Amino acid sequence: MEVAAHVRPLGNDRVLVLGVDESGERRVEAVRRDFVANISHELKTPIGAISVLSEALAAARDDPEAVDLFSGRLQRETARLAELINQIIDLSRLQSEDPMLSRELVDVGEVVAEAVSRSQERATQRGVGLIVAHTDVVRVMGDRWQLADAITNLVQNAINYSNERARVTISVQAVAQDGDDFVDVKVSDNGIGIRPEEQERIFERFYRVDYGRSRESGGTGLGLSIVRHIAVTHGGSIRVWSRPGQGSTFTLRLPAYLGPVEPEEDTP
Ligand code: ADP
């Protein structure tokens, strides 16, 4: 550890001396620089494609088939760019000191239903079956939309990294461990799986195991890092079990809320 003294005048001849771990500061700075470099690189790809496609579209004015082809691609690249920007905004908010989470009582089964309904169209397109296998009624204290985003990310990955006509199973299970109560949301697929050496790295920002496959699925490499931030800001965790060629199970564990529930207001 390298400690440097930072001296701040406080007035009346008093100073505040702060010891700062400079190696830590430098590390944070390096991570920040890497992040910015990665973002710039990732943004350049769809922006470059949009620029080329819009020129091609202008040149193909008299060819309706080419216009259809280029405008379709243009829409996909624009959607990808929008998704990337949204995810970068989500991630930087989650990494800030105040991630602006709302805290309310959330029924985990309802959030799973929301994630399944958001993912249904993609599943149908790929012929993948979505099955909600088991749902214990458990509440957590947290932000409903962040939790729905985290579970949607896991479900959509399971769809994207499965072969066509595969099955994705989602369950919600109450778990007691060392005197504490949790809820496990498990998302299992029988898809391509992840090699052991990659399993830690997939939670890093912009990390993708197979660039081609991820690109084809419209991936950004930010999804799991967002899931991990959401899990941690809710006092929970995210784990993966996987075997290449057999499939993967992601487990989002959250602290269960067992306190009193406000009685529902009488509806007139
Ligand atoms: P992406 O936007 O590329 O999907 P993620 O952060 O969500 O980014 O995931 C990182 C990488 O982890 C993916 O590119 C993929 O290689 C791998 N991955 C994630 N989920 C699965 C899964 N269910 N099965 C196999 N590989 C997966």
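Residue indices begin at 1 and follow the sequence shown. Atoms within each ligand, like the ligands themselves, are counted from 1 in listed order. Just so it is clear, the model here is predicted, and its values are computed rather than measured.
Per-residue contacts place G221 under 4.0 angstrom from the following atoms of ligand 1 (heavy atoms of the residue considered): 1 (P), 2 (O), 3 (O), 6 (O), 8 (O). Annotation for ligand 1: atoms under 4.0 Å from non-hydrogen atoms of R208 are 3 (O), 14 (O). Residue G193 has at least one heavy-atom neighbour below 4.0 Å for each of these atoms of ligand 1: 25 (C). Set against the non-hydrogen atoms of V209, the atoms of ligand 1 under 4.0 Å away are 14 (O), 16 (O). Here is the list of ligand 1 atoms found below 4.0 Å of a heavy atom in G223: 5 (P), 6 (O), 7 (O). Near Y207, meaning under 4.0 Å from one of its heavy atoms, ligand 1 places the atoms 10 (C), 11 (C). Shown in contact with S248 at under 4.0 Å from a heavy atom are these atoms of ligand 1, numbered in order with element: 24 (N).
Residue contacts with ligand 1 do not include N153, since none of its heavy atoms lies under 4.0 Å from the ligand. Contact annotation: F250 has at least one heavy atom less than 4.0 Å from an atom of ligand 1.
Checked against a 3.5 angstrom limit, the closest N/O atoms of Y161 and ligand 1 fall inside it.
Annotation: cation-pi geometry satisfied between R253 and F182 (NZ/CZ under 6.0 angstrom from ring centroid, within 45° of ring axis).
Around CZ of R167, the count of heavy atoms belonging to other residues, nucleotides or ligands within 6.0 Å does not exceed 12.
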